[in-house]
Amino acid sequence: MHTGIDFWKNYMDRWFGNELIAEWNKNVKIEEIQSINGPIHIEVYKTDNINNPTLVFSHGIAGYARLLLPFLMPLYKLGYNIIAPDLEGYGYNKRVKGNFTWNEHLVNLKDTVEYARKNFTGKVFLGGASMGGPLAYACDARYNLADGLICWCLWDFSDKEFMCKETNTKKMTFVLLPICKLLSKLIGKIRLKTYAFISYDTLTDDKAFNDLVKIDPHAGTLISFRGIVSLLTQSKPDILHNAYNKPVLLCQPNEDKMTPVYYMKKTFDNIKCKDKKYVDFPGPHFPVKKETYRKWAKEVDAFIKEIQRT
């Protein structure tokens, strides 16, 4: 079993193909950019053509940049430049794991998009998987930097129905909020297990994968009190979905038990832009089958090419 900085290789060996390890070593460059709390780690998939479209793609609450390799390598092979950041409190960043706020993550994404604009000349799309989808939307709603959104899951993270039904704390979520706010002021950096609040048992339909994430030293296994409070108080986007007018691709697994289809369609129906597309996929929240990623790359490629024609 791989440990330490190589822990990510366990997922490739068992589920996604260890050829991805060699492809990552050959094609991906690690860099750091300055952000709100200091440097953050980014992984850059740079093609031979800086004029090609670029995708800035964010991980969610459980993952980190390198765990998105199965999503990103197929797109890189199709000619897309890609940048995947480790958001504050995640991945290979050097500060305390799990100590972040929603707004800090929005700045991390803004800074990553600005890096993309400086280093690439084609259209820049912003997106993410899982919570990375709502983060990407909220970032562009606030900073207006992207040419469109490409998301694996996109819903209103501030939706009280979602918080009260899909979290482990259920209807107690907002009852506990005043207590969490107080604790955030007193001991805000103290961390708890993230999956005490959001179940990781539904991340995939493979228990071994889910259990591996829970012991991954780079994954979202911990969250501070200030982080918890921020997800409940900072996640309402500055622009409501019905006022967003850029292209949106929403890809959603139809057997998702972590962020069910209902919330995705609720959000997608609220988006009024003319260039929007919803694509459903088989399988759980985080796919473990290679064919899902091949379909994902095909759909993203078709969507971007259609946008460029218009």
Side-chain angles (χ1 to χ4, degrees), residues 3 7-8 10-11 58-65 67-68 86-93 95-105 108 128-135 138 153 155-236 253 255-260 262-263 284-286 288:
T3 59
F7 196 94
W8 65 279
N10 293 307
Y11 306 102
S58 173
H59 62 80
I61 198 165
Y64 52 103
L67 203 56
L68 298 174
D86 278 336
L87 302 179
E88 183 68 32
Y90 284 84
Y92 295 91
N93 291 325
R95 291 173 294 280
V96 177
K97 294 290 183 290
N99 185 31
F100 65 88
T101 67
W102 178 273
N103 283 338
E104 288 171 353
H105 281 180
N108 293 159
S130 188
M131 189 178 80
L135 280 169
C153 304
W155 75 102
D156 183 354
F157 203 87
S158 65
D159 186 343
K160 289 187 176 181
E161 181 183 8
F162 174 82
M163 288 294 180
C164 291
K165 287 184 178 180
E166 309 306 332
T167 59
N168 287 345
T169 47
K170 303 292 183 184
K171 293 182 179 180
M172 290 298 294
T173 300
F174 290 96
V175 175
L176 293 170
L177 181 57
I179 299 171
C180 289
K181 283 183 175 179
L182 177 60
L183 292 173
S184 178
K185 291 179 180 179
L186 297 174
I187 51 171
K189 294 181 180 180
I190 296 296
R191 300 167 297 161
L192 305 172
K193 294 290 187 183
T194 309
Y195 42 84
F197 303 94
I198 300 172
S199 176
Y200 285 4
D201 293 334
T202 54
L203 187 62
T204 74
D205 51 11
D206 189 323
K207 185 177 184 299
F209 188 104
N210 301 339
D211 289 344
L212 195 62
V213 171
K214 293 178 184 179
I215 62 170
D216 187 333
H218 311 292
T221 54
L222 296 168
I223 186 170
S224 63
F225 278 111
R226 63 192 290 270
I228 294 167
V229 171
S230 78
L231 297 185
L232 296 171
T233 61
Q234 297 177 6
S235 56
K236 185 175 181 178
E255 297 160 44
D256 190 342
K257 296 179 181 177
M258 192 173 188
T259 58
Y262 165 75
Y263 301 99
H285 183 71
F286 196 97
V288 292

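Note that the numbering runs from 1 along the sequence shown for the chain.
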Inset, instruction - Could you tell me whether a side-chain N or O of Asp86 sits under 3.5 Å from a main-chain N or O of Tyr64, the two making a donor and an acceptor? - result: no
Legend entry - Which atom of Tyr195 lies closest to which atom of Thr221, heavy atoms considered: CE2-O, 4.3 Å
Legend entry - Side-chain heavy-atom pair Thr101, Gln234 within 4.5 angstrom cut-off: yes
Inset, instruction - Rounded to the nearest 0.5 Å, what's the gap from OG on Ser235 to NE2 on His105? Could you check? - result: 13.0 Å
Legend entry - Donor-acceptor under 3.5 Å (Asp211 side chain, Ala208 main chain): no
Legend entry - ring-ring contact (aromatic ring centres under 6.0 Å, His included) involving Trp8 - partner list, sequence neighbours excluded: Trp24
Inset, instruction - Check each of Leu186, Ile228, Val229, Leu176 against Lys181 using the side-chain contact (heavy atoms from CB on, under 4.5 Å) test, and report the only one that passes. - result: Val229
Inset, instruction - For Leu68 and Ser58, work out which heavy atoms get closest and say how close. - result: CD1-C, 3.8 Å
Inset, instruction - State whether a side-chain donor-acceptor pair under 3.5 Å links His285 with Thr202. - result: no
Legend entry - Rounded distance [0.5 Å steps], CD1 in Ile190 versus OG in Ser184: 11.5 Å
Inset, instruction - Taking Ser224 for its side chain and Lys189 for its backbone only, find out whether a donor-acceptor pair lies under 3.5 Å. - result: no
Legend entry - Check ion pair Asp201-Lys214 (N to O, under 4.0 angstrom): yes
Inset, instruction - Search all heavy atoms of Gly89 against all heavy atoms of Asn93 and return the closest pair with its distance. - result: N-ND2, 4.5 Å
Inset, instruction - Could you tell me the separation between the NZ atom of Lys207 and the CG atom of Asp205, rounded to the nearest 0.5 Å? - result: 13.5 Å
Inset, instruction - Grab the two heavy atoms, one from Phe209 and one from Leu203, that are nearest each other, plus how far apart they are. - result: CE2-CD2, 4.2 Å
Inset, instruction - Rounded to the nearest 0.5 Å, what's the gap from CZ on Arg191 to CD1 on Ile223? Could you check? - result: 11.5 Å
Inset, instruction - Taking the six-membered ring for Trp and the single ring otherwise, decide whether the centroids of His59 and Phe286 are under 6.0 Å apart. - result: no
Inset, instruction - Return yes if some donor-acceptor pair links the side-chain N/O of Tyr90 with the main-chain N/O of Ile61 below 3.5 Å, else return no. - result: yes
Legend entry - Within-4.5 Å side-chain heavy-atom neighbours: Leu177 and Thr233: yes
Legend entry - Short side-chain donor-acceptor distance under 3.5 Å, Tyr262 and Glu166: no
Legend entry - Sequence neighbours excluded, every pair satisfying salt bridge (Lys or Arg N to Asp or Glu O under 4.0 Å) that has a member inside residues 168-180: none
Legend entry - Polar side chain donor-acceptor pair, Asn108 to Glu88, under 3.5 angstrom: no
Inset, instruction - Output the distance between atom CE (Met131) and atom CG (Leu87), rounded to the nearest 0.5 Å. - result: 7.5 Å
Inset, instruction - Tell me, with the steps shown, if Leu135 and Phe157 meet side chain to side chain contact (heavy atoms under 4.5 Å, CB included). - result: CA-CA 9 Å; Leu135 280 169; Phe157 203 87; over 6 Å; no
Inset, instruction - Quick one: closest heavy-atom pair of Pro284 and Pro253, and the distance? - result: O-CB, 3.1 Å
Inset, instruction - Any chance you could measure Phe197, atom CZ, to Leu231, atom CG, to the nearest 0.5 Å? - result: 10.5 Å
Inset, instruction - With sequence neighbours excluded, tell me which residues meet ring-ring contact (aromatic ring centres under 6.0 Å, His included) with Phe162. - result: Trp155, Tyr263
Inset, instruction - Work out which heavy atom in Phe174 is nearest to a heavy atom in Cys164; give both atom names and the distance. - result: CD1-SG, 3.8 Å
Inset, instruction - Test side chain to side chain contact (heavy atoms under 4.5 Å, CB included) on Met258 and Tyr200 and set out the steps. - result: CA-CA 8 Å; Met258 192 173 188; Tyr200 285 4; 4.0 Å; yes
Legend entry - Donor-acceptor side-chain pairing of Asn99 and Arg226 below 3.5 angstrom: yes
